Amino acid sequence: MIRNIRLKFGSTPNKPKLEFDTTPVTIFVGPNNSGKSKILQEIQQFCQNGQMNVNNALLENIEFNGVGDPEKVISELTMPSNKGEFLQPGHIIYGKGGWRNQVNRQNLINWLSNPNQKNNFCSYYTSFNTLRIDGGSRINLINQQPAGDLQAHPSNHLAVLFRNDELRKDVRRIVFDAFKKYFVIDPTNLGQLRIRLSEIEPNTNLLERGIHQEAIDFHNQALDISIASDGVKAFTGIIISIAAGDPKITLIDEPEAFLHPSLSYKLGKEVSNKVKDSQKSLIVSTHSSNFLMGCIQSGTPINVIRLTYSNNIATARALPSEKVLKLMRHPLLRSTGVLNGLFYEFVIVTESDADRAFYQEINERLLQFEPDKGIPNCLFINAQNKQTVHEIIRPLRELGIPCAGIVDVDIIKEGGAVWTSFLNGGFIPDLTIQSTATARTRIKQFFDNSGIDFKRNGGIDVLQGQEKEACTNLFDQLAEYGLFVVRGGELECWLKNLGATGHGPKWLIQIFEKLGDDSSSSHYIKPDVNDVWNFISDIKKWLINGNKKGIPE
């Protein structure tokens, strides 16, 4: 239904505005406060009347596809006139659901035939064919609704489902797959329709739709959905709205709200299937990698658009589907939860889980006590070792996500493909990589000549004079591209004054005990000058730098 969307900004302030042709599913991702909910509101407003709101912050324009055969659409949406209602010559009663109007038929054909006349096209088609579901409305979607006159056009979702056995069975299938209970519509509160969840599938439509004693007993044994959990209500409400309302444009804000991750996945897959191979548009804002994976696994063509807003600068980048698929399918990336990086402003990748846990804790204390040095909205994830850090950094940067890497000083030992891959992961230019190869070899020789285990006994401080300066210059060069080396050696070199011993998990347990867990205690370790506190602060400077190196355009 929506053919093209143009936003007011692009991937950087100097790049063209993002304009993209829509697929059946468009998903907006990004960190908090990046405009994901706002864009849905602006799209809905445009679809109401086809006019641009001067107060729009994100949306610049929408282009629509035509309806195909206007005569067919008019036939489907023509309503009977009410008894005694005066119908002007050449006019019909036209609409859907609660929208009903008397319209000149020939004018209507002209308006539906020309989607470029957006004011009329939207007013007489997309306005009542657009559904937006947000946090407040999704729970109310399952409330009981009036049955209405069964001889008249159905006026709500439950009335539609009550009359359509096939639609109701499809909803029942989806709900049963999610909750192992059967969705049924209970008419026994005469004049009202309500949803129940039954342990037993109704063996006939009459048992579900009747008001005889057997039907009354059947519904009495089923659970009224009003006393079910918010997750059940939200999931069911979204499904019935899309199935029964049959909107041409569906906008869902944070569909994962109230849902377990597995249900978010199921919901993503089901709602995507609803628009697959159709002219409908499903547009979603989400923070859920599980929902996103469900959409992708459905096989429905999707667009993924990442929004950010920082320092009064908004950005929008279309993420290539094949690169998003790589995050989901690659075993290492999937196991480390890399897809979650789409929903954060920044990502930091470490060598191991112990590194990740320590640096994340340090950052949390900086955010609490020295926020100017801490990194907000940052996801810390770990690779398996230094050899695989680049496998996480590179695909995230390809999606425009500022992603820094932290490795121990013994990265200098890694020549050949390992060294080249690490630098390639940071998008360091090939010529620069070639020049660093010679420097790395010489510096490694310096360390070897020292005869000292430099990783555990001082890092670059085992070198002197020009040798140390050359090593510092090399690491400074890597840092310009967001690749940070622990110059003191390794993780365990930090906060030596606290006296933690051991290595890896053993050291981590001790250092956490010495850091303390009660921020009101005098023994709780707060940020200080130098040491690891400045290390994280230096990483932040690269992450927030608007002209940072290492992010492909």
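These figures come from a predicted structure and were not determined experimentally. We use all heavy atoms of the structure for the numbers below, so side chains are in, but hydrogens, waters and symmetry mates are not.
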Criterion side chain to side chain contact (heavy atoms under 4.5 Å, CB included) on Leu396 and Val338, from CA distance to verdict
CA-CA 8 Å; Leu396 287 174; Val338 172; 3.6 Å; yes
Ion pair check, [X] and [Y], cut-off under 4.0 Å:
X      : Y      : answer
Lys36  : Glu254 : no
Lys326 : Glu322 : no
Asp448 : Lys444 : yes
Glu398 : Arg394 : yes
Asp134 : Arg132 : yes
Arg3   : Asp21  : no
Glu60  : Lys17  : yes

Looking only at heavy atoms, which two atoms of [X] and [Y] are closest? And how far apart?
X      : Y      : result
Leu495 : Trp533 : CD2-NE1, 3.8 Å
Val275 : Thr300 : CG2-CG2, 4.4 Å
Lys276 : Ser298 : NZ-O, 3.1 Å
Pro371 : Leu367 : CB-O, 3.6 Å
Leu307 : Ser34  : O-CB, 3.3 Å
Leu131 : Ser241 : CD2-CB, 3.7 Å

Judged by atom type as modelled, is there a donor-acceptor pair below 3.5 Å linking the side chain of [X] to the main-chain atoms of [Y]?
X      : Y      : result
Thr388 : Gln384 : yes
Thr432 : Ile428 : no
Lys548 : Leu543 : yes
Arg138 : Phe235 : no
Asn363 : Tyr359 : no
Asn545 : Lys541 : no
Asn53  : Asn55  : yes
Glu492 : Gly504 : yes
Lys540 : Gly374 : yes

When the aromatic ring centroids of Phe291 and Tyr265 are compared, is their separation below 6.0 Å?
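They do not qualify: ring centres at least 6.0 Å apart.
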What do the steps show when you test Arg440 against Glu414 for side chain to side chain contact (heavy atoms under 4.5 Å, CB included), and what is the final call?
CA-CA 9 Å; Arg440 186 208 64 80; Glu414 304 292 347; 5.9 Å; no
With sequence neighbours excluded, residues passing salt bridge (charged side-chain N to carboxylate O under 4.0 Å, His left out) with Arg356:
Asp353
Would a 4.5 Å heavy-atom cut-off, applied to side chains only, mark [X] and [Y] as touching?
X      : Y      : value
Val25  : Asn303 : no
Asn4   : Ile62  : no
Ile43  : Ile283 : yes
Ile511 : Trp494 : no
Leu342 : Leu339 : yes

With no hydrogens and no angle check, do the side chains of [X] and [Y] hold a donor and an acceptor under 3.5 Å apart?
X      : Y      : value
Glu63  : Asn61  : yes
Gln434 : Asp430 : no
Ser289 : Asn340 : yes
Asn129 : Thr126 : no
Ser521 : His523 : no

What is the ring orientation for His287 with Phe343, classed by angle as parallel under 30°, tilted 30 to 60°, or perpendicular over 60°?
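His287 vs Phe343 ring planes: tilted.
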For residues 42-56, which residue pairs qualify under salt bridge (charged side-chain N to carboxylate O under 4.0 Å, His left out), counting only residues two or more places apart or in two chains?
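Matches after skipping sequence neighbours: Lys38-Glu42.
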Name all pairs fulfilling the salt bridge (charged side-chain N to carboxylate O under 4.0 Å, His left out) condition that reach into residues 375-390, sequence neighbours left out, sorted by first residue then second.
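Pairs touching residues 375-390 that pass the test: Glu351-Lys386, Lys386-Asp410.
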Would you sort out whether Glu490 and Arg456 count as a side chain to side chain contact (heavy atoms under 4.5 Å, CB included), showing the intermediate values?
CA-CA 7 Å; Glu490 59 182 347; Arg456 297 195 175 186; 3.1 Å; yes
Count the heavy atoms belonging to other residues, nucleotides or ligands that lie under 6.0 Å from CZ of Arg6, then report whether that count exceeds 12.
yes
Please check if the number of heavy atoms outside Gln51 that lie under 6.0 Å from its CD is greater than 12.
yes
Test side-chain hydrogen bond (donor to acceptor under 3.5 Å, both in side chains) applied to Asn424 - qualifying residues, sequence neighbours left out
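Expected list: none.
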Before giving the answer on side chain to side chain contact (heavy atoms under 4.5 Å, CB included), spell out for Thr436 and Leu423 the whole-Å C-alpha distance, their side-chain angles and the decisive distance to 0.1 Å.
CA-CA 9 Å; Thr436 64; Leu423 272 59; 3.2 Å; yes
Atom pairs and distances, side-chain donor-acceptor, residues 462-475, under 3.5 Å, sequence neighbours left out:
{"unit_1": "Lys468", "atom_1": "NZ", "unit_2": "Asp461", "atom_2": "OD1", "d": "2.8"}
{"unit_1": "Thr472", "atom_1": "OG1", "unit_2": "Lys468", "atom_2": "O", "d": "2.9"}
{"unit_1": "Asn473", "atom_1": "ND2", "unit_2": "Glu469", "atom_2": "O", "d": "3.3"}

What verdict does the side chain to side chain donor-acceptor pair (under 3.5 Å) test give for Ser288 and Thr286, after you've listed the backbone C-alpha separation in whole Å, the side-chain angles of each residue and the deciding distance to 0.1 Å?
CA-CA 5 Å; Ser288 170; Thr286 183; 4.7 Å; no
Kindly determine whether Thr350 and Asn382 satisfy side chain to side chain donor-acceptor pair (under 3.5 Å), including the steps that lead there.
CA-CA 5 Å; Thr350 66; Asn382 62 274; 5.4 Å; no
Going through the checks in order, is the side chain to side chain donor-acceptor pair (under 3.5 Å) test met by Thr308 and Thr315?
CA-CA 5 Å; Thr308 68; Thr315 70; 2.2 Å; yes
Walk me through whether Ser520 and Asp518 qualify under side chain to side chain donor-acceptor pair (under 3.5 Å).
CA-CA 5 Å; Ser520 64; Asp518 181 1; 2.7 Å; yes
Please list, one pair per line, the donor and acceptor atoms closer than 3.5 Å that link side chains of residues 476-484 to other protein atoms, with sequence neighbours excluded.
{"unit_1": "Asp476", "atom_1": "OD1", "unit_2": "Arg487", "atom_2": "NH1", "d": "2.9"}
{"unit_1": "Asp476", "atom_1": "OD1", "unit_2": "Arg487", "atom_2": "NH2", "d": "2.8"}
{"unit_1": "Glu480", "atom_1": "OE1", "unit_2": "Lys549", "atom_2": "NZ", "d": "3.1"}

Please determine which of Phe512, Trp507, Phe535, Phe380 meets the ring pair (Phe, Tyr, Trp, His ring centres under 6.0 Å) test together with Phe358.
Trp507
